[in-house]
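Remarks on the structure that follows.
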Amino acid sequence: MCELFVARADEPFRIDELWPFTERLEHYGIAGFGWGAAWATGDAAAPFGIHRETVGFREDGAGRATVGAVETTSLLLHLRRPSRFTTLGLADTQPFVDPVARFAFGHNGELIAWRAWRRRFRAQGRIHGRADSEVGARWLEDAWRAEAPPERVLVELHEALGGPANLAVLTPDGTPCVYAGNDENPVFSFRLGRIRIVSTGIYSLDRSLFRLTAPGATERALVRRGTALSL
């Protein structure tokens with residue numbers, strides 16, 4: 001099982017301001033099998049920056065340094081702990097970015113009704129890895145529509161594929177959205193200084209996320225299961 005979070009601030013921040021939190025989230029979340037980040041660039045022609053690596057966050061010194069020096073107002077970050085080790089590889093490393101840059105997508109947990117969809121997308125030549133998360137990304141590509149809020153589409157994705165799953169997207173205008181649908185890994189919203197964050201909770205049903213990974217957090221709240229929250 002993975003961990004993920006989204007972050008947003010009114011003014012640009014260096015991404016490495018969040019590295020102490022990210023390192024603790026990987027450690028206590030028992031991740032470390034790859035990581036990735038997508039961030040808003042403010043460039044309409046190329047709205048997302050992206051970094052994906054098959055080694056853990058703490059092992060990827062060069063990647064941390066490069067991504068950390070970037071300034072942005074919005075970020076989606078994913079830390080891998082796959083349910084199936086046969087999915088280790090770049091093709092299954094998140095976040096996934098929509099081919100026409102409408103969103104970046106991350107997933108934590110397990111989607112249960114993915115096999116039939118995978119066969120369909122594979123027949124279309126759109127599957128490159130082995131994980132259920134990629135199937136969720138392909139489903140989202142087909143369901144995404146400009147008139148629907150991201151919150152609505154994430155709810156629809158969970159209704160279609162089911163399972164204990166937390167879902168997150170980042171849109172080109174810098175709006176991050178998280179859907180909470182995994183009872184085993186609750187989702188929390190909080191603030192670290194000027195940066196607002198929504199994060200999974202290190203598979204701890206209490207509030208150890210704050211004690212162990214974000215002790216300075218303010219405005220702490222649980223995101224109720226079955227709801228989506230945008231920043």
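Hydrogens, waters and symmetry mates play no part in the numbers below; they use all other heavy atoms, side chains included. Quick caveat, the model's predicted, so the values are computed rather than measured.
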SB check [X] [Y] (cutoff 4.0 Å):
X: Glu11; Y: Arg194; result: no
X: Glu147; Y: Arg152; result: no
X: Arg52; Y: Asp92; result: no

Take atom [atom1] in [X]; do more than 12 heavy atoms of anything else shown fall under 6.0 Å from it?
X: Arg145; atom1: CZ; value: yes
X: Leu222; atom1: CG; value: yes
X: Arg225; atom1: CZ; value: yes

Just one of Thr213, Val187, Thr22 clears the side-chain contact (heavy atoms from CB on, under 4.5 Å) bar with Phe5, so which one?
Thr22
Hydrophobic cluster of Trp114, others only, ordered by chain and residue number, side-chain cut-off 4.5 Å:
Phe96, Phe103, Phe105, Leu111, Trp117, Phe121, Ile127, Val135, Trp139, Leu140, Trp144, Val153, Leu154, Val155, Leu157, Leu161, Leu167, Val169, Tyr179
side-chain contact (heavy atoms from CB on, under 4.5 Å) between Asp132 and Glu110: does it pass, once the steps are laid out?
CA-CA 7 Å; Asp132 57 337; Glu110 184 178 10; 4.1 Å; yes
Are Val223 and Leu170 connected, step by step, through hydrophobic side chains (Ile, Leu, Val, Met, Phe, Trp, Tyr) whose heavy atoms are closer than 4.5 Å?
yes
Is the distance between the ring centroids of Phe190 and Phe21 under 6.0 Å?
yes
Just checking, Arg64 and Phe57: is the charged tip under 6.0 Å from the six-membered ring centre and within 45° of the axis?
yes
Is the NZ or CZ atom of Arg220 both under 6.0 Å from the centre of the six-membered ring of Phe210 and within 45° of that ring's axis?
yes
Is it the case that the side chains of [Y] and [X] hold a donor-acceptor pair, with the cut-off being a distance below 3.5 Å and no angle test?
X: His51; Y: Asp60; value: yes
X: Ser199; Y: Glu3; value: no
X: Glu151; Y: Ser230; value: yes

Pairs in or reaching into residues 39-48: which pass side chain to side chain donor-acceptor pair (under 3.5 Å), with residues at least two apart or in two chains?
none
With Asp173, which residues qualify under side-chain hydrogen bond (donor to acceptor under 3.5 Å, both in side chains), at least two apart?
Thr171, Thr175
